[in-house]
Amino acid sequence: MALRGRLVLGLHTLMTLLSPQEVGAIQADHMGSYGPAFYQSYDGAGQFTYDFDGEQLFSVDLKKREAVWRLPEFGNFAYFDPQNGLISIAMIKAHLEVLVERSNGTRAPNVLPRVAVLPKSRVQLGQPNVLICIVDNIFPPVINVTWLRNGQPVTQGVAQTSFYAQPDHSFRKFHYLTFVPLADDFYDCKVEHWGLDQPLFQHWEPQVPAPLPDTTGTLVCALGLVLGLGGFLVGITLIITGTCLSSAPR
């Protein structure tokens with residue numbers, strides 16, 4: 001009971017911090033929910049999460065057997081015993097075994113995932129940035145994602161989230177790569193899933209503005225020279241006209 005009270009108090013503190021605090025702010029209802037929580041027979045994988053207003057606060061992974069906060073700062077305001085999440089996963093596992101027996105072992109359908117790659121901020125060559133690989137429409141939640149730079153696997157500077165549940169009961173996941181964009185480098189987010197006949201490669205490379213052709217550069221210079229010469233002639237004409245007017249008898 002003490003742990004549960006501590007969790008409730010911590011989550012209430014989080015809700016207070018995340019709620020609008022300005023004078024006259026619109027008051028709205030908030031929703032906290034446990035989910036997604038699942039277990040799947042393949043590889044004995046399972047996950048338990050807690051969401052607040054549609055945003056994941058923390059998750060418990062069956063293999064790591066620890067609570068992982070979506071943002072490290074959240075762990076300063078609340079505590080969650082991962083054992084509670086592991087117990088929930090164990091209950092789901094027991095129910096799954098009964099359902100599999102009743103369904104004669106019918107497998108879940110495989111859905112084709114969608115993949116997109118984009119940078120976190122505006123790309124500038126030589127400036128550190130983060131590539132984000134968004135894998136959507138995942139079902140079942142069994143997936144391998146690998147970052148490639150110039151065709152070679154990258155293992156440093158990578159991070160990922162747990163699975164996010166979607167309204168249609170599919171899942172979404174985010175993978176991150178910290179990198180320094182260079183003109184000659186290119187990247188791929190490699191996705192392997194049962195819904196794909198072969199690995200899917202989502203390509204990305206920095207968009208460097210192409211240099212102006214020589215003919216275009218020459219034309220720009222010539223145009224500037226013509227405009228400058230025209231301005232010079234107009235100035236001379238105005239000076240001569242002014243001198244003539246001032247020297248004429250009144």
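Hydrogens, waters and symmetry mates are skipped; everything else that's a heavy atom, side chains included, is used. None of the values given here were measured: they were computed from a predicted structure.
Applying the ring-ring contact (aromatic ring centres under 6.0 Å, His included) rule to Trp204 yields the partners Phe179; only residues at least two apart in sequence or on another chain are considered.
With a 4.5 Å cut-off on side-chain heavy atoms, Leu125 and Pro206 count as touching. Residues Tyr176 and Thr161 are in side-chain contact: their nearest non-hydrogen atoms beyond the backbone lie under 4.5 Å apart.
Note on Val115 and Leu196: same hydrophobic cluster, where clusters join Ile, Leu, Val, Met, Phe, Trp and Tyr whose side-chain heavy atoms are under 4.5 Å apart, directly or indirectly. When the side chains of ILVMFWY residues are joined at heavy-atom separations under 4.5 Å, either directly or via intervening members, Val154 and Phe174 end up in two distinct hydrophobic clusters. Tracing side-chain contacts under 4.5 Å through hydrophobic residues (I, L, V, M, F, W, Y), one never reaches Tyr187 starting from Ile132; they form parts of separate clusters.
Sorted by first then second residue, the side-chain hydrogen bond (donor to acceptor under 3.5 Å, both in side chains) pairs that include residues 138-157, not counting sequence neighbours, are Asn150-Asp185. The stretch residues 134-194 participates, sequence neighbours left out, in these disulfide (SG to SG under 2.5 Å) pairs: Cys133-Cys189.
In plain terms, the two heavy atoms of Phe139 and Pro109 that are nearest each other are CD2-O, 3.4 Å. Contact detail for Pro113 and Val135: the closest heavy-atom pair is CB-CG1, 4.2 Å. Residues Leu131 and Val117 come closest through the heavy atom pair CD2-CG1, 4.0 Å. Nearest approach of His193 to Pro140, heavy atoms of both residues: NE2-O, 3.0 Å.
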query = Given the rule in the side-chain contact (heavy atoms from CB on, under 4.5 Å) test, do Gln166 and Asp168 qualify, once you have shown the distances and angles that lead to the verdict?
reply = CA-CA 5 Å; Gln166 302 302 298; Asp168 60 357; 3.4 Å; yes
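Surrounding NE2 of His203 are more than 12 heavy atoms belonging to other residues, nucleotides or ligands, all under 6.0 Å away.
In this structure, CG in Leu148 is found 9.0 Å from CZ in Phe186, a value given to the nearest 0.5 Å. Here the CG-CG distance, from Leu200 to Leu112, works out to 8.0 Å after rounding to the nearest 0.5 Å. For the atom pair Lys190 NZ and Glu192 CD, the distance stands at 4.5 Å (nearest 0.5 Å). How far CD1 of Ile134 is from CZ of Arg114: 11.5 Å, rounded to the nearest 0.5 Å. Separation of atoms OG (Ser170) and CD1 (Ile138) is listed at 8.0 Å; rounding is to 0.5 Å.
A cation-pi contact links Lys173 to Phe163, judged by a cut-off of 6.0 Å to the six-membered ring centre and 45° from its axis.
When each of Gln124, Lys120, Arg122 is checked for a side-chain contact (heavy atoms from CB on, under 4.5 Å) with Asn129, only Lys120 meets the rule.
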